[in-house]
Amino acid sequence: NAGVTQTPKFQVLKTGQSMTLQCAQDMNHNSMYWYRQDPGMGLRLIYYSASEGTTDKGEVPNGYNVSRLNKREFSLRLESAAPSQTSVYFCASNSGFQETQYFGPGTRLLVL
Amino acid sequence: GEDVEQSLFLSVREGDSSVINCTYTDSSSTYLYWYKQEPGAGLQLLTYIFSNMDMKQDQRLTVLLNKKDKHLSLRIADTQTGDSAIYFCAEQGGSYIPTFGRGTSLIVHP
C-alpha cells in the first residue's frame, strides 16, 4: 500500500496564478483532510470531507476550494494564489470518526 | 474552542530520557495522540492513549495521562539522534477533527 500520496512535492507560483494540489489514498478511508503547516503555527485545517460526496470548511478555508472526486481522491485548489498561501500542505485520511489520521508527505508551495 | 499547548523546543543529550509535555482544554477528549514529523516528511503516528487510561508503554515510549489536570506527556527513554524531530500532541473529543498542538522540536546532541 502506498498510503496517502500527494502531488506535486514542490511548486513555485506567481501571485494570481492558480493550481490544484492532488491527494489520493489507497486505504479505503471514508474521511479526508487538508491542512497547512506554517512555522510555529502547527497544523491548521483548511477543509475536510467526512465521506464521499461531502465537504466542509475547517479553520482557514478562505482562498481555497476542494473537490472530493471519489472515495480515493481529494483535491485542493488555489484559484488566485497569494504570498500568504506560501506553506506546506498536508493531506490526511482516516476511516472515520475518532480514527487515527494518516498523513501524506506534503506539498511545499512558494507563492512569489 | 479547544486548545492544545506544547513547549516549542527541547534539547537533550544522546542517551538521556526526553519528556515532552502537552496540556489540552477539551474535557470531552477521548483519544490523545502523539505524532512525529521528521524533516521534510509528513506526520507519523507514534502512539495514542484512550482517555480512560493513565499510562501506556510501547518499547522506549511511555505516555502518561493526567485527566484531572488535562496533561499528557511523552517520555522517550535512551534518546537517540534519530529521535530528533518535531513531536505533535493532538486530542480528539466529540468532533471528527483532532486538534493539534504547535509541535515540540526535539534536538538530540552527542
Side-chain angles (χ1 to χ4, degrees), chain A residues 2-10 21 23-25 27 29-51 54-61 68 74 87-109, chain B residues 1-10 20-26 28-53 56 58 61 63 72 85-106:
Chain A
V4 180
T5 56
Q6 293 182 236
T7 55
K9 286 186 168 50
F10 303 96
L21 284 66
C23 173
Q25 50 89 12
M27 295 174 282
H29 283 166
N30 292 315
S31 304
M32 298 184 74
Y33 310 79
W34 277 106
Y35 292 91
R36 59 178 288 173
Q37 183 182 29
D38 301 294
M41 297 293 291
L43 289 174
R44 292 185 291 171
L45 182 68
I46 305 171
Y47 271 93
Y48 67 101
S49 171
S51 60
T54 69
T55 60
D56 286 286
K57 293 178 181 179
E59 182 186 352
V60 289
R68 182 75 182 267
F74 189 38
S87 189
V88 182
Y89 291 85
F90 289 101
C91 178
S93 71
N94 63 6
S95 54
F97 184 56
Q98 293 192 338
E99 296 295 327
T100 303
Q101 288 187 329
Y102 293 84
F103 283 81
T107 294
R108 282 143 187 85
L109 175 66
Chain B
E2 299 88 2
D3 200 15
V4 177
E5 297 284 341
Q6 305 177 237
S7 54
L8 291 182
F9 298 100
L10 176 65
I20 303 171
N21 294 301
C22 170
T23 58
Y24 59 97
T25 59
D26 187 357
S28 68
S29 295
T30 52
Y31 290 80
L32 295 124
Y33 304 94
W34 285 105
Y35 284 85
K36 178 182 180 182
Q37 183 183 32
E38 296 184 350
L43 278 69
Q44 278 188 298
L45 180 70
L46 264 187
T47 186
Y48 65 93
I49 189 168
F50 296 112
S51 61
N52 61 358
M53 298 168 66
K56 181 177 181 182
D58 183 2
L61 305 178
V63 178
L72 182 74
I86 303 175
Y87 291 81
F88 289 91
C89 170
E91 65 85 21
Q92 188 157 18
S95 77
Y96 266 101
I97 314 300
T99 301
F100 287 84
R102 296 187 176 192
T104 299
S105 290
L106 175 64

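The shown structure was predicted, so the numbers you read here are calculated from the model rather than taken from an experiment. Lettering follows sequence order; numbering is per chain, from 1.
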Engineer: So which residue, A:Met41, A:Glu99, A:Gln37, ends up with the most heavy-atom pairs under 4.5 Å with chain B?
Structural biologist: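 It is A:Gln37.
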Engineer: Looking at chain A, which one of B:Gly101, B:Gly103, B:Gly40 has the largest number of heavy-atom pairs inside 4.5 Å, strictly under?
Structural biologist: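 Between B:Gly101, B:Gly103, B:Gly40, the count favours B:Gly40.
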Engineer: Given a strict heavy-atom distance threshold of 4.5 Å, which part of B:Gln37 is in contact with chain A: side chain, backbone, both, or neither?
Structural biologist: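 Answer is side chain: those atoms of B:Gln37 sit under 4.5 Å from chain A.
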Engineer: Check the pair B:Phe50 / B:Tyr31 against ring pair (Phe, Tyr, Trp, His ring centres under 6.0 Å), numbers first and verdict last.
Structural biologist: CA-CA 5 Å; B:Phe50 296 112; B:Tyr31 290 80; 4.9 Å; yes
Engineer: Less than 4.5 Å to any heavy atom of chain A: does that hold for the side chain of B:Leu43, its backbone, both, or neither?
Structural biologist: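 Contact with chain A is through both the backbone and side chain of B:Leu43.
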Engineer: Side chain, backbone, both or neither: which part of A:Arg108 has an atom under 4.5 Å from a heavy atom of chain B?
Structural biologist: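 The answer is the side chain of A:Arg108.
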Engineer: Answer yes or no: is there a donor N or O on one side and an acceptor on the other, between the side chain of B:Tyr24 and the main chain of B:Leu32, under 3.5 Å?
Structural biologist: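 No: the side chain of B:Tyr24 does not pair with the backbone of B:Leu32.
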Engineer: I'd like to know if A:Arg36 pairs up with A:Asp38 as an ion pair, taking the criterion as any Lys NZ or Arg NE/NH1/NH2 lying under 4.0 Å from an Asp or Glu carboxylate oxygen.
Structural biologist: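 Yes, charged N to carboxylate O under 4.0 Å.
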Engineer: Measure across B:Tyr87 and B:Gln6 and return the closest heavy-atom pair with its distance rounded to 0.1 Å.
Structural biologist: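 Between these two residues, the closest heavy atoms are O-NE2, 2.8 Å.
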Engineer: Ring-plane angle category for A:Phe103 and A:Tyr35, please: parallel below 30°, perpendicular beyond 60°, tilted otherwise.
Structural biologist: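 Tilted.
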